[in-house]
Amino acid sequence: MRVLAINPNSTASMTDGIVEAARAAAAPDVTIDGLTNADAPPAIQGEADGLVATPGVIAACEEAADNGYDAAIIACFDDTGLTLARAAASIPVIGIGQAAFLIAMLHGGIFTVITTLQVSVGVIEDNLAAYRLTDACARVRASGLPVLALEDDPDTARTTLVECARAAAAEDRADALVLGCAGMAPYGRAMYDASGLHAIDGVAAAVGLARATLKAS
């Protein structure tokens, strides 16, 4: 099986991290390649950035189908362009946000999403409503970390995300955490250790669901 992991933003180093996380989660029969959306902002932070990135995401999903990939993953937690990409492409398209929500529900049902900036909260809440999963989410927490800080300032990112995880465990009555950005994957273990709550990485969740979708169809 060949799966294309599409980074909706234009930061190539983030694509490298996404591919690394996807390959680590993939079964031996799954090959992962990555693609960077060059016609996009360097980070997707809020609805406006997502709208700019969407045409490139749709085109990438269509090209993935044309080039023989079995599935495509949209590796932005906002699920940038997901509905339109699914309509345009002839292969399964998995959004890491939706995938993470579904896997988190299997860890007890109620989860907290820890995202980057406040501007992303509304987008995530709208997606939860569209997926009919609002009642499964205790809270969407903004960490205050810009997307690129997850890579550029790992010490601050780790400290901040651990604090958010502890607050979610103490205040939200959640059964799991959802990492609300693909760049948070390296911090999941520290967040689990601090809170006792499973930290669900959307990239890993999407890889598993892509394979399951292909196996079941």
>> To check you understand the geometry: which heavy-atom pair defines the closest contact between A138 and I110, and what is its length?
In response: CB-CG2, 3.7 Å
>> Can a donor-acceptor pair be found, under 3.5 Å and without considering hydrogens, that links the side chain of D70 to the backbone of R2?
In response: yes
>> Grouping I, L, V, M, F, W and Y whenever their side-chain heavy atoms are under 4.5 Å apart, do F111 and F77 come out in a common cluster?
In response: yes
>> Let me check something: do V121 and I200 share a hydrophobic cluster, defined by ILVMFWY side-chain heavy atoms less than 4.5 Å apart, either directly or through other members?
In response: yes
> Just by distance, do the side chain of N127 and the backbone of D78 share a donor-acceptor pair under 3.5 Å?
Replying inline: yes
>> Please report the interatomic distance SG(C76) to CD1(I6), rounded to the nearest 0.5 Å.
In response: 12.0 Å
>> A side-chain contact here means heavy atoms from C-beta on lying under 4.5 Å apart; do V113 and C137 qualify?
In response: yes
>> With a sphere of 6.0 Å drawn around CD of E151, does it hold more than 12 non-hydrogen atoms of other residues, nucleotides or ligands?
In response: yes
>> Can you tell me how the ring of H198 sits relative to the ring of H107, calling it parallel under 30°, perpendicular over 60° and tilted otherwise?
In response: tilted
> Taking atom CD of E62 and atom CG of N67, what is their separation to the nearest 0.5 Å?
Replying inline: 11.5 Å
>> On a heavy-atom basis, which atom in A53 and which in P8 lie closest, and how many Å separate them?
In response: CB-O, 3.6 Å
> So, do V140 and L128 sit near enough that their side-chain heavy atoms are less than 4.5 Å apart?
Replying inline: yes
>> Is there a path of hydrophobic side-chain contacts, each under 4.5 Å between heavy atoms of I/L/V/M/F/W/Y residues, joining V178 to L209?
In response: yes
> Do you know the tightest heavy-atom contact between P42 and T11?
Replying inline: O-OG1, 2.6 Å
> M184 and side-chain contact (heavy atoms from CB on, under 4.5 Å): which partner among D201, T116, V147?
Replying inline: T116
>> Show the nearest heavy-atom pair for residues L4 and A60, with the distance to one decimal.
In response: CD2-O, 4.2 Å
>> Take a 6.0 Å sphere around CD of E20 and say whether it holds more than 12 heavy atoms from other residues, nucleotides or ligands.
In response: no
> Taking the side chain as C-beta and beyond, is there a heavy-atom pair between P146 and L117 under 4.5 Å?
Replying inline: yes
> Judged by atom type as modelled, is there a donor-acceptor pair below 3.5 Å linking the side chain of R86 to the main-chain atoms of V93?
Replying inline: yes
> Are any side-chain N or O atoms of R23 and backbone N or O atoms of I32, one a donor and one an acceptor, separated by less than 3.5 Å?
Replying inline: yes
> Atom OG1 in T15, atom CG in N9: separation rounded to 0.5 Å?
Replying inline: 6.5 Å
> How many angstroms lie between atom OG1 of T54 and atom CG of L84, to the nearest 0.5 angstrom?
Replying inline: 7.0 Å
> So how far is it from L197 CG to R166 CZ, rounded to the nearest 0.5 Å?
Replying inline: 12.0 Å
> Can you check whether S143 reaches L161 side chain to side chain, under 4.5 Å on heavy atoms?
Replying inline: yes
>> If we ignore hydrogens and angles and just use 3.5 Å, is the side chain of T36 paired with the main-chain N or O of N7 as donor and acceptor?
In response: no
> Under a 4.5 Å cut-off applied to non-hydrogen side-chain atoms, are L133 and M105 in contact?
Replying inline: yes
>> Given 3.5 Å as the limit, does a donor-acceptor pair link the side chain of D79 with the main chain of I96, or not?
In response: yes
> For the residue pair V52 and P41, what are the closest heavy atoms and their distance?
Replying inline: CG1-CD, 3.9 Å
> Has the side chain of S10 got a donor or acceptor atom that lies under 3.5 Å from a matching backbone atom of N37?
Replying inline: no
> Atom CZ in R211, atom CG in D29: separation rounded to 0.5 Å?
Replying inline: 4.0 Å
> So does D66 have more than 12 non-hydrogen atoms from other groups sitting under 6.0 Å from CG?
Replying inline: yes
>> Given T160, which partner from the list D155, L150, L145 fulfils the side-chain contact (heavy atoms from CB on, under 4.5 Å) test?
In response: L145
> Is D172 close to R141 at the side-chain level, that is, under 4.5 Å between some pair of heavy atoms?
Replying inline: yes
> So do I73 and V3 actually touch side chain to side chain, heavy atoms under 4.5 Å?
Replying inline: yes
>> Keeping D49 on the side-chain end and Q45 on the backbone end, is there a donor-acceptor pair under 3.5 Å?
In response: yes
>> Minimum heavy-atom separation for A72 and C61, please, with both atom names.
In response: CB-SG, 4.2 Å
> Is V123 reachable from L51 through a run of I, L, V, M, F, W or Y residues, each pair having side-chain heavy atoms under 4.5 Å apart?
Replying inline: no
>> Hydrophobic clusters here meaning ILVMFWY residues chained together by side-chain heavy-atom distances under 4.5 Å, can you tell me if I91 and L82 are in one?
In response: no
